[in-house]
Amino acid sequence: MPLVETKFEIPAATADAANDVLLEWGEAGWSVVEDVIVRRAWLVGIFATEAEVESQTAALLPLLTAAGVTRLGEATVRVLADADWRDSYKAHFHAWQFGRLHWVPVWERATFVLPPGHAVLWLDPGLAFGTGNHETTRLCVERMVALLERRPDPASWRVVDAGCGSGILALSAALLGCRRVTGFDNDPEAVRVSEENAALNGLAGRVEFRVGDLVTGLAGKANAVDVLLANIQADVLMRFAAPLVGAVAPGGCLVLSGILATENATVKATFAALTPGWTLDSRVMGEWSDVLLARPA
C-alpha cells in the first residue's frame, strides 16, 4: 500500500532541537534529514493517508515553534511506493560499534568486514524505529555492554528491555551471551520490527518480544531482573519509578536513558528516594544523559 510523505525545510542550526522535539513527543512517523555539506535540514513525515499527514503536521508545528524551530516555506506532499521510503531511510542509518559489538544496517551485509572475536547485529529498523544512532540509545547500549562484559556468566542473567523499539538492546544482550532476555513495547509495530530483526540475526526464539507497558510488561518480575533497560522519556520514567525499581533483583542494575541533561538531577532525585543504599551513577552525551542504579547483592 502506498504511503504519503510530507517534507519541509527547517534552519540547519535547529536540527538537533527538532530531533529532541520528536524524541520527547514520541510520534514515530517523523524524522530529521540533514545535508551537512550544504548545511540544510528538513523534517520528513511518512504516514498512511493525506488526512493523517495533515493532522500530524498540525500537531507538530506548535511543538516546533515552542522549541524555536521554524518552518522555511511550504511543505511538499507526495505519494511514495514502498521502495522509495526504504531507499531514503538507508541514507541516514550507518554502522557503529561499542567494544566488540557492531550494529550494522542489513544492506551493508555484503561488504561489511567483522573483526575477529567481534559480534554483529544486523538491523533493518524499518520506517519508524531506532537505529541506535541517537545519544539516548548509545548511552544505554554502552552501559549494558560494560555491565555484561564484566560478568563471567552472562547466560544466567535475566535481562529486560522496557520500550524495546527495534529490539536493539534486547538482541545485543542475546549476542553477548544472555539466554534469558525479554523485550516489550506498548506499540505492536515495534514488537513486529523487533521480531523481524531477531529473525534477521538468527536469534528468533532467543528473545521474547511482546506488547506491554511499564505495568503489564513488568508484571510478575518483582525482584527478578538482573539488568533492566529503560530508554524512555524522563517524565514517564519518573511516573513509573516504583515498578521499575521494584523489578530489579539483588545485585542487579537499572539503566535509564532518554533523559535530557537538564532533567538528570530531577530523575536522579526521584529514583534515589526509592533506592536507599543503592549505587547511583550518571553520564552526559551531548544534550542527553543516563542514570545507572545498582542494587546491593
Side-chain angles (χ1 to χ4, degrees), residues 23-28 129-130 136-137 139-141 143-144 147-148 151 154 156-174 178-191 193-195 207-260 263-283 288-297:
L23 191 66
E24 286 288 302
W25 186 26
E27 172 51 56
F129 297 96
T136 58
T137 309
L139 284 162
C140 219
V141 163
R143 288 288 195 188
M144 180 189 67
L147 286 169
L148 295 178
R151 177 91 175 190
S156 68
W157 273 37
R158 296 156 295 186
V159 180
V160 173
D161 180 6
C164 59
S166 58
I168 288 177
L169 300 177
L171 296 172
S172 297
C178 297
R179 296 285 177 180
R180 304 164 71 184
V181 185
T182 302
F184 64 84
D185 200 290
N186 62 6
D187 188 336
E189 181 68 4
V191 173
V193 171
S194 295
E195 290 174 341
V207 178
E208 177 194 354
F209 289 110
R210 54 195 176 86
V211 177
D213 55 29
L214 288 175
V215 175
T216 62
L218 294 174
K221 290 184 168 55
N223 302 305
V225 182
D226 296 297
V227 179
L228 177 53
L229 307 155
N231 181 13
I232 303 169
Q233 64 193 59
D235 63 321
V236 177
L237 293 173
M238 291 187 288
R239 192 182 320 141
F240 294 94
L244 285 165
V245 166
V248 180
C253 295
L254 172 60
V255 181
L256 307 173
S257 190
I259 306 164
L260 287 166
E263 301 169 322
N264 191 272
T266 303
V267 173
K268 283 194 293 188
T270 298
F271 280 84
L274 298 175
T275 56
W278 292 33
T279 301
L280 188 150
D281 186 35
S282 65
R283 298 179 305 153
W288 298 91
S289 68
D290 70 0
V291 175
L292 170 67
L293 298 108
R295 182 177 177 180

- Message: Test side chain to side chain contact (heavy atoms under 4.5 Å, CB included) on R143 and D281; report intermediate values, then the result.
- Response: CA-CA 11 Å; R143 288 288 195 188; D281 186 35; 3.0 Å; yes

- Task: State whether the side chain of R210 and the backbone N or O of G217 hold a donor-acceptor pair below 3.5 Å, judged by distance alone.
- Result: yes

- Measuring from N231:CG to M144:CE, what's the distance to the nearest 0.5 Å? 11.5 Å

- Rounded distance (nearest 0.5 Å) linking atom OG1 of T136 with atom CG of L256: 12.5 Å

- Shortest non-hydrogen contact from S282 to K268? OG-NZ, 3.4 Å

- Item | Distance in Å, R283 CZ paired with W288 CH2, rounded so as to fall on 0.5 Å steps | 15.0 Å

- Value rounded to 0.5 Å, distance of CG in D235 from OG1 in T266: 11.5 Å

- Query: What distance do Q233 atom CD and M238 atom CE have between them, rounded to the nearest 0.5 Å?
  - Reply: 10.0 Å

- Determine the minimum heavy-atom distance between L171 and S194, stating which atoms define it. CD1-O, 4.1 Å

- Heavy-atom distance under 4.5 Å between the side chains of L218 and F240, does that happen here? no

- Item | D226 side-chain N/O to G252 backbone N/O, donor-acceptor pair under 3.5 Å | no

- Item | Minimum-distance pair of heavy atoms, taken over all atoms of F209 and E195 | O-OE2, 3.7 Å

- Can you tell if the side chain of D161 reaches within under 4.5 Å of the side chain of V207, non-hydrogen atoms only? no

- Query: Any donor-acceptor pair under 3.5 Å linking the side chain of R295 with the backbone of V248?
  - Reply: yes

- Task: Drop me the distance from L244's CG to T275's OG1, to the nearest 0.5 angstrom.
- Result: 12.0 Å

- Minimum heavy-atom distance between F184 and D213, given as atom pair plus value: CE1-O, 3.2 Å

- Between A249 and R158, which heavy-atom pair has the shortest distance, and what is it? CB-NH2, 3.8 Å

- Do I232 and L214 pass the side chain to side chain contact (heavy atoms under 4.5 Å, CB included) test, and can you show the C-alpha distance, the side-chain angles, and the key distance before you say yes or no? CA-CA 10 Å; I232 303 169; L214 288 175; 4.0 Å; yes

- Short side-chain to backbone donor-acceptor contact, D185 and G165, under 3.5 Å: yes

- Going through the distances and angles, do W278 and V245 end up as a side chain to side chain contact (heavy atoms under 4.5 Å, CB included)? CA-CA 11 Å; W278 292 33; V245 166; 3.9 Å; yes

- Task: Determine, step by step, whether L139 and I259 satisfy the side chain to side chain contact (heavy atoms under 4.5 Å, CB included) criterion, reporting the C-alpha distance in whole Å, the side-chain angles of both residues, the deciding distance to 0.1 Å, and the verdict.
- Result: CA-CA 10 Å; L139 284 162; I259 306 164; over 6 Å; no

- Query: What are the two closest heavy atoms between D290 and N264, and how far apart are they?
  - Reply: O-ND2, 3.2 Å

- Item | Main-chain N/O of G212 paired with T216 side-chain donor or acceptor, under 3.5 Å | no

